[in-house]
Student: 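Can you keep this structure in mind? I'll have questions shortly.
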Amino acid sequence: MIRRAAMAAVAGVVLAVITGLTSPASAATPTCSGAGCEGKDVSTTNCHDAKAYAIDGYHSGDSTIVFDLWYSPSCHAMWGDYQSNSVTPGLASTYGIAPYSGTGEAKEINQKTTGPGQGDSSTTLVSSLQSVKFCLHTKAGLPDGTNDFTCTGWR
Amino acid sequence: MTNYRAHGRFLRAFAVTATTAVAVAMIPGPAMAATPAPAPAPTAVQSPDQALGSKWRSSSDVVVTGAGDADGYHLYVAREKDAFAWHTLATLTSHSVDIGPWAGSVCVTGSGRYAVAVFAPEKAVDRPQLAAAGGIAAVVDTNTGVAHTVATGVQLAYFNPSCGPADRALLTRETGDIDSHPETELLTVDAAAGKVVRTRHISAQFTTPAAAPEGDYGVVGGQLVKLANTGGSYTKLGHPQGSTFGVQATADGAVDVVSVDGGRAVAQRYAKGRFTTTATGPKNRLQLFGLRGGHNVLVGQVTRQAGTLADLTTIPETRSVTGLSGDGHLVVEEAMSSQTAQSVAHPLTAAPTGTAGSVQLKLRAVAGAAEQTSTVATTAAPTLDVDLDALSPMQTVTPKAAATSSFTIEQPRCAVPRNDPTVQPFQPSPNQVEWAVDNAVHGTLTLTRPANYLKAGLPAYQPQGSNGWFKLDNPENSTLPAGSRAVPAQVMLGIVAQETNMSQASWHEVPGDTGNPLVASYYGSAANDIIDYSQSDCGYGISQVTTGMAVDDQAAYDTSDQQAIAVDYTANIAAGLNILIDKWNQLHHEPAGATDTMNDDNPNWIENWFTALWAYNSGLHTYADRNSSASGGYYGLGWLNNPANPNYPPQRDGFLRDSYADASTPSHWSYPERIMGWIETPQIKNGPGYSGAAYSTPSYGDHSPLAPLGDFHQIQSVLNLPDVWAFCSSAFGCSQAAGGCPAVNNSCWWHGHGVSKFGDCQDSQCAKENAPHSGGSEPAVQRTYQPACDALNPDKISGRDTARNWNVVYTLNEHQQYNLGCTLPENVAGGKFEIQGGSPAGLPTTAPYAQVDLHQQGSGYMGHIWFTHGVNSSGAVKHGITGSWNPDLDLNPGQTEWYHIIAHQPSHGANWTSARYTVQPRPLAALQPSCAIDQDPSTGDFGSDRWVEIGTYQLGPGAQVSLSNLGAPTTADVGYDAMAFVPVGQTSGSASCGHVL
């Protein structure tokens, strides 16, 4: 079951929380832009600079579930970031819809296996010129009892 | 004043007003009385005591008529006790279909309690499959206007629907191979129950059904037949005299028929096993109607032949009429909506607001022979909005066999996509179309389009250049020397008028706009809720070029050719012309004895293109392919467009010769007849600074026929057209006496059964082209709207923080794709605009449907917007659209700033009067709805482009503004134009929501 990320009032999170989750990389020149970033590891691109921010996300009240969709204005790219030590094994995926909806359907762009003990982890970059959302799918349901397929909003 | 708006979906709730335009019969009013009688309703029959007779107040006579416009097919009712004052009874439409204005036909059951209507988009008839089974049938209570859908997939023909005694009606649906083996399903409707109670399958072409108390009648193979009450069998009763176009039973079991025999119409009564002639008249001036109580009436210039029959009366009438009241007290000579008149006479502009939703009725009160013309306003009435996706299988047409192709919902068959920024065809004005045609027919459409013309990413090309893309191929086998043969320009102009109203881009666009390509059945269905790419037609642009325009059909054109044909009207006309020439050549390549030449076979005569036009629409079954399984040993031009086909009323005058109202019933004429009609009677162009015929009329011969043209009230030269029976030869069993080709199979295909001669062209009886623009250069477009190229000045915002960048989020993220000629300002920060469809967005099983009713248009700020229509919560599953503006604000993570948010509204393309934008100031912050913004631009002659303030918000990185079509009326255009974000640093001087800058 798909559901949109809970709003702040539901999830009990505030903006300050998600904007301070990870530390930006050094202010080096980004190495890719838009579609040219597709499939690259964010750590190799300098996209995670001081301008980058979490544009949507989901944080459970007890912080056992933390994942965010990050946006880099410098690269026009997005990526998903999650703390995999807080969830049971599952999948982290980014989905995309063509800029003006294209043929309409969302397509999975990339996928990464999650699991306890991996620490912070990120999906590869996708172009932000399309609509993007980031989903976490656990095989055994989420610890807070919510559905086992949770997504950010489309951004 | 004329308001040139691009859309039909702007009909509002109309005030209950009506005006009587003309009262021909001016009868003195009664003497002054002590108590003045109440003034009659404006649309009522004037001086009713004289016009209707003294008993009108106690009469129960009722009449229902209909007229279509962009919002649906409207029914209007009038009762004699109200002096036939008119009001809107119901509106029939379907939000599932959005392909232009609606048309229909209606009858009233014998009880007078119910009207039965068949309605469909006006252009449906251009597609043979839709003409055969593309209509929606509904039953309407004549007291309340409450309507119910009873069937879909019914035939669009002059005899459908047919009302009978009590509350019974009959509907037809043509099945089988309509070009070779047409068969018929006859649906019996119990109007009181509001449903189809019986379906009979008749293994024949069954026309002119008539319900009678003890059974049902109709015509098969030219014979009057009586159907069995169950199954599809029938009993042949005999041949009426001529080709029958009307059948009505009486309460006493007799059956009246009217038929065409040569140049006259013959009325006969079938009773006691034999036909007796009851009357004669001119072939196009004798009509048969059923009256309440099981009586019949002949209307027209009637000469009675037999003794008086109590149940067959006569109403003198000088013209062909549309309908009659149930007791025969009021004749409806013509009913045409103002929008239909506009669409015919002014095809490239939408209806003016002042006439939107009105219908013009030409009426005649029988008793007093009083004629009047009334303009009736369409008022709010019960509306039947058919959800084609929700109908039960019993109500829908049986689907054809599953397609064997591999197309899925994700893989369009048509080669050039919709809603793609690289595919924005330009809507030409009529002067450009005529120029292009005049040159194309002479092979001189050789202008050079520069690289990336219309931002389509194409290399430079010439539509008819030396590169051979669309080089004119002169007709072959002509007795004339090469170089002196050409397609007459008017033939091609008639085609583009009939096919597309001279439109290269979507019918939503007016001249000067860009937009989506005009594609026939891109999604494989006329309904918005059905996507079946295996059924896509892929007819593109002004000529509706189909061949070579699918991803699995690239033999004719490569990708660049396909793109040019989709976006450039000159390339499309060149391609369409080549298809027409190919049809001429095909006909001439047939072996001796199988050719279909006409008159003297000179292609320069317009009349000689009749059979090539026939093939252009429904193809040629060649001699070489005669042994294929589809041909069964036969060859030639199919039965569908044979003028002798009984699906067309045999007494018809030439298309558009009587009235522009003919354009609202195109199913009454074969395709080549319709083209010839548009050649004789051009569409009328009407725009800022120009008006008149959209293209030139032909050069008629000195001995061309003369005919009265109804709407022009004058005698003028016309084309020398073939008779209804010109392609009906005893060599294949076709004759007027038999009412056509009784076999109704492949044997009816016409293939040179004697050379067709219906005009002596050598004796100046034929017409030639009139191409005044041949050789000239491309004229400038006559725009309906000037593009909104003036850049927003952010300094107009009080308190602007000039230290921080301001943003404009355009509706095309690829700014280089703006192609209306505006220069986008530099040094303005941007952002991303995105659209998601369906609810939930992107769901593969539902989201693709949202694309069907999503459109791009060259209007709004710098020349691009998107628009769709409103939906309710259930409709949003498939047709929900959310557009979002995401500015890249000049802020660092964690920073906030106060911004004025300003939404541009286009001069045309949006009219939702209460659009509420949603502002999310920062990621995960609570959503803040705006006030209701009026997107309707209606002011003065034209709508106006303007910036409207949404409000002042404290924004941070990741702020987003969105607009959903959820909750907007289904008739409203929900527009997505550019959005500006101007930093103001503080809340003082906050924007006033809804304020226009």
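Each chain gets a letter, A, B and so on, in the order the sequences are listed, and its residues count up from 1. Owing to the predicted nature of the structure, the values given are computational and were not obtained by experimental measurement.
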Student: Can you say whether B:A959 sits under 4.5 Å from chain A via the side chain, the backbone, both, or neither, judging by heavy atoms?
Tutor: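 The backbone, not the side chain.
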Student: Which heavy atom of A:H76 sits nearest a heavy atom of B:D888, and at what distance?
Tutor: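 For A:H76 versus B:D888, the nearest heavy atoms are CE1-OD2, 3.7 Å.
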Student: Give the minimum heavy-atom separation between B:P923 and A:D56, together with the two atoms involved.
Tutor: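 Shortest heavy-atom separation between B:P923 and A:D56 comes out as CB-N, 4.5 Å.
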Student: Does A:R155 reach the main-chain N or O of B:N886 with its side chain, forming a donor-acceptor pair under 3.5 Å?
Tutor: no
Student: Holding to side-chain hydrogen bond (donor to acceptor under 3.5 Å, both in side chains), I want the full list of residues that pass it with B:D977, two or more places apart in sequence or in another chain.
Tutor: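 Applying side-chain hydrogen bond (donor to acceptor under 3.5 Å, both in side chains) to B:D977 gives B:H904.
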Student: Identify the two heavy atoms, one from A:A52 and one from B:P893, that lie closest to each other, and give their separation to 0.1 Å.
Tutor: O-CG, 3.4 Å
Student: I'd like to check B:T811 versus A:Y100 (side-chain heavy atoms, cut-off strictly below 4.5 Å). Are they in contact?
Tutor: no
Student: Is B:E834 close to chain A through its backbone or its side chain, or both, or neither, when contacts mean heavy atoms under 4.5 Å?
Tutor: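 For B:E834, backbone and side chain are both near chain A.
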Student: To the nearest 0.5 angstrom, please state how far the OG atom of A:S101 sits from the CG atom of B:L854.
Tutor: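 If I round to the nearest 0.5 Å, the distance is 7.0 Å.
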Student: What part of B:N813 lies closer than 4.5 angstrom to a heavy atom of chain A: side chain, backbone, both or neither?
Tutor: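 Its backbone and side chain both get close to chain A.
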Student: Would you please name every residue forming a side chain to side chain contact (heavy atoms under 4.5 Å, CB included) with B:P417, sequence neighbours left out?
Tutor: B:D420, B:V423, B:Y522
Student: Heavy-atom distances under 4.5 Å only: say whether B:E814 touches chain A with side chain, backbone, both or neither.
Tutor: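 Its backbone and side chain both get close to chain A.
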Student: With only heavy atoms counted, which part of B:I881 is less than 4.5 Å from chain A, the side chain, the backbone, both or neither?
Tutor: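 It is neither, since no heavy atom gets under 4.5 Å.
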Student: Which bit of B:T882 comes within less than 4.5 Å of chain A, counting heavy atoms only: side chain, backbone, both or neither?
Tutor: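 It is neither, since no heavy atom gets under 4.5 Å.
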Student: Looking only at non-hydrogen atoms, find the nearest pair between A:S131 and B:K832 and report the distance.
Tutor: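 Minimum heavy-atom contact is CA-NZ, 4.3 Å.
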Student: Which heavy atom in B:L891 sits nearest to a heavy atom in A:K51, and how many Å separate them?
Tutor: O-NZ, 4.4 Å
Student: Heavy-atom cut-off 4.5 Å, strictly under: side chain, backbone, both or neither for B:A850 against chain A?
Tutor: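 Neither the backbone nor the side chain of B:A850 comes within 4.5 Å of chain A.
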Student: Can you give me the closest heavy-atom contact between A:Y53 and B:G958, atom names plus distance?
Tutor: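 Here A:Y53 and B:G958 meet closest at OH-N, 2.9 Å.
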Student: Can you tell me which portion of A:Y71 sits under 4.5 Å from chain B's heavy atoms? Options are side chain, backbone, both or neither.
Tutor: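 For A:Y71, the contact with chain B is made by the side chain alone.
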